[in-house]
Amino acid sequence: MTSTPAPPPRNRLLPVVTQILLGLGTLAITLLGLLLITFVIARVVPTDPVLSIVGERATEAQIAAIREKLGLDLPLWQQFFIYVWDAMRGDLGTSIKTGAPVASEIARYFPATLELATLGTIFGTLVGVPAGVLAATRPGSIADQIVRVVGLMGYSMPVFWLGLIGLLVFYGQLDWVSGPGRLDPTYDMMMEFTLTSYTGMILIDSALNGAWDVFGNAVSHIILPAGLLGYVSMAYISRMTRSFMMNELGQEYITTARVKGMPEWRVVWVHAMKNVAVPLITVIALSYAYLLEGSVLTETIFAWPGLGSYITDALFSADMPAVLGGTVVVGVVFVTLNMASDILYRLVDPRART
Amino acid sequence: MTALRAWLSDPNPASRRQARLGQAWLAWQRIQRNRLAMAGLIIVAILLLVAAFAPLIAPHDPLTQDLTRRLLPPGTPGNLLGTDDFGRDILSRIIYGARITLYIIALVAVTAPVLGLLIGTVAGYFGGWIDAILMRVTDIFLAFPRLILALALVAVLGPGIENAVLAIALTAWPPYARVARAETLTVRSSDYIAAIRLQGAGAPRIIAGHVVPMCLPSVIIRVTLDMAGVILIAAGLGFLGLGVLPPTPEWGLMISSGRKYLFEQWWVATMPGLAIFIVSLGFNLLGDGLRDVLDPRSASR
Amino acid sequence: MSLLEVRNLRVTFDTETGLVQAVRGVSFSLGHERLGIVGESGSGKTMTGRAVLRLIRPPGRIEADAMTFDGQDILHASEREMRALRGKRIGMVMQDPKYSLNPVMTVGRQLTEGLRLRDGLGRADATAKAIAALEAVQIRDPGRVMDAYPHELSGGMGQRVMIAMMLIPEPELLIADEPTSALDVTVQAEVLSILDRLVRDRGMGLIFISHDLRLVARFCDRVLVMHKGLVVEEIAASRLLDAKHPYTKGLLNCLPRIGGPRGPLPVLDRAGI
């Protein structure tokens, strides 16, 4: 008997570390590119940022002074350098409308969006994955057709319209849920003045404070927008789950599991699912990112004081620093989510670790 | 007819054209058997017809206001889907709106893929650092959430249909660049490209004449699949008031103007939304079916 | 009494382009012996093996006049009864360990899964049995292989793991579907000799599916030659050279012989079949 080739060394985490470092490198380049795009957009703005500060009747000297103060007299590459440097320190400029730093305003608005998108993704995953598996295990069946059509409908619906219809039906007609906003005004006051804020996410904060009446009211407000976003993400997740699962169920190792006499639930939910989970992580992260973006339109419908509302409000008051700051933040979240899913992918898939 | 069918389904085609037509015939038969895809095709066909013959079909002028006939409910004689807050016939506005929607997706369909093709083929053909830089740029654009980037662009360019199209196209090209690059990489090292190069053809001619045609089919499939997304983004921009300006009957804008009356006169916002939903569902069904037919790996059986 | 009895087995696939008959009426019976099934790809030999385990999934269909294993009707057995047979009494080794082992589960988990789930063994007992099985297929460092993922193993090692996995419950019948075709030539002989010895020692029935006529002749007692879903010849392995059917002769003629003429090998003549 010839010698058996030895398996590779035991330490499986080391390659992951180098890959994370490599990933951080590309992350830095991507973020730089992101800032370059917003910088270019900001510099081609037809409205002169100086004019909006000093007003129409400023003297030449005043304008020059402001230009110097804003650094607009410097060469473009220096301006970009300063822009990147500021952004790295968390300075995204000053809102023209409120005069407050954009970064701190976004920090105030962001938790609402995060809460909404997270809950939506949880709904979408909890429904979408089983629905996709169901469809994949019975291809061509009625269940499969239903999952397919319901999914395609989710793909095809304008999310803002879906929000309006949801409000009309579940709030206006059936009165099952509360209307726009995160809380009723009275609870809002309670939240503001008597409760401690830990995360800015009302569901978590009220639970931590033990204020269950606030919690209940928050649930009645968030359930509709989160449910709608969840539907949109369910559409995507169920389709992807179905296609991944179909692919895995056609693999030979599935036959092996069946030959071993494994019950079908185990074949599907353990043997195939472990493999489906690998690409599914990316899909769920992507749909999470989608929801953060989709919240722009949803938030305007539900008067949800989140990042989406912040950006659109800023848009209408021509508050470019706020718009671009918000854009940068959403972009950063996008990139970070992508990166995180990439790392998770490598942790889950043993083949990617070597 | 039967002779033609036999000629098309001949397993031993005599010419290349017969083989190609036979393939198309087979694909067409498979689409026909896919009921959902046919439904999508019919919806898209109806959209085209409605847009083309809008003046003949529409019962009223989409812009004529009649304040005595404001906010009439659906089913009112003469106003099948009711009227809006200016007394305009909603059905007529939706019919004319089909033209705007079609105009937007047509413009996006001829701009974004062209840009993507150019960048993808150049990156794939030359390789090396050109490829590295172009693909990094593509990744950066992909990293941006599309709607938000489009919003920021429109905010800078100002509202209007052409600006909306430009913003959508500028955010829609990266996937095409990816597809085109992948295709280019597979043909780049093939013998026939080497033969053309030996004949003394320059890079522009090779790319335009021999690489781009190879990439076209996969890019076209991708375009069909993306149309529904384009419709939704365009409607979203319209809804936010960043697309077409009033009183043009754009569907997203119509939803936005109906929002004020949501609880009392629900139809004003609901009807145009249904139109968006049906049309984008049509494109999705068609694209889905096309992918099943043309890409055997993703076929459901 | 024979271990496996198959009468007029048919496997049909309902595809877009119409019905495809992969197996068109195959009959054979098997005792505690080694039966070879030979044929080109597409001859229906793999489908025959899988039909015995009822592993054909829709849109495929299995039909037969009779199919019994040790007296038990496996054509009409419930899925639960089939599961009890699979893994416990009938095993199958497939072509390429790269695909037939679950890529995201460690070898150990895949080996002990059946023991723990079906036989209710504790972790330590199951691990001990699995390690013993790995030793039986001559893996020298079973502890390390248990912790490895399939992609970390060579093809030969993977196939030995696969054999170990199938032999753990000591089945009465093993179906080996091209068990060495995906392996390097040098490793092939090793894996075959391991398989041969285990089958001989434990006295199980073996169905050995292969496209390699010579291999089958050396390895089996009896050979079925399949072509286009039909058995065209059934013959004792020792008398293969006396085969009468033109297809079998054709297959034999395509093999090079040491000391034979050095001209191009004849191509299988399909006209006469």
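So you know, we letter chains A, B, ... as the sequences are listed, proteins then strands, and number each from 1.
With a threshold of 4.5 angstrom between heavy atoms, C:Leu101 approaches chain A through N, CA, C or O but not through any side-chain atom. Of the two parts of C:Met162, only the side chain, counted from C-beta on, holds a non-hydrogen atom closer than 4.5 Å to a non-hydrogen atom of chain A. Neither the backbone nor the side chain of C:Ile168 comes within contact range of chain A, judged by heavy atoms closer than 4.5 Å. Of the atoms belonging to C:Met105, it is side-chain heavy atoms, and not backbone ones, that fall under 4.5 Å from chain A. Using a 4.5 Å cut-off between heavy atoms, C:Arg54 makes no contact with chain A at all. Neither the backbone nor the side chain of C:Arg80 comes within contact range of chain A; no heavy atom of the residue lies under 4.5 Å from a heavy atom of that chain.
Within 6.0 Å of the CZ atom in C:Arg202, the count of heavy atoms belonging to other residues, nucleotides or ligands exceeds 12. Within a 6.0 Å sphere centred on CZ of C:Phe13, heavy atoms belonging to other residues, nucleotides or ligands number more than 12.
Under the salt bridge (charged side-chain N to carboxylate O under 4.0 Å, His left out) criterion, C:Arg197 pairs with C:Asp201, sequence neighbours left out.
Comparing A:His271, A:Glu248, A:Lys274 by how many heavy-atom pairs each has under 4.5 Å with chain C, the most go to A:His271. Most heavy-atom pairs under 4.5 Å with chain A: of the set C:Arg50, C:Lys98, C:Lys88, this distinction falls to C:Arg50. When each of C:Met82, C:Arg109, C:Glu79 is checked for heavy-atom pairs under 4.5 Å with chain A, C:Arg109 comes out on top. Among A:Asn275, A:Leu249, A:Val270, the residue with the largest count of heavy-atom pairs under 4.5 Å with chain C is A:Asn275.
Between C:Arg57 and A:Glu264 there is a salt bridge, since at least one side-chain N of the basic residue sits less than 4.0 Å from a carboxylate O of the acidic one. Remark: C:Glu113 engages A:Arg266 in a salt bridge, criterion side-chain N to carboxylate O under 4.0 Å.
Inspection of non-hydrogen atoms places A:Glu252, A:Tyr253, A:Thr255, A:Thr256, A:Arg258, A:Val259, A:Lys260, A:Gly261, A:Met262, A:Pro263 of residues 250-263 of chain A under 4.5 Å from chain C.
The shortest heavy-atom contact between A:Pro350 and C:Pro103 is CG-O, 3.4 Å.
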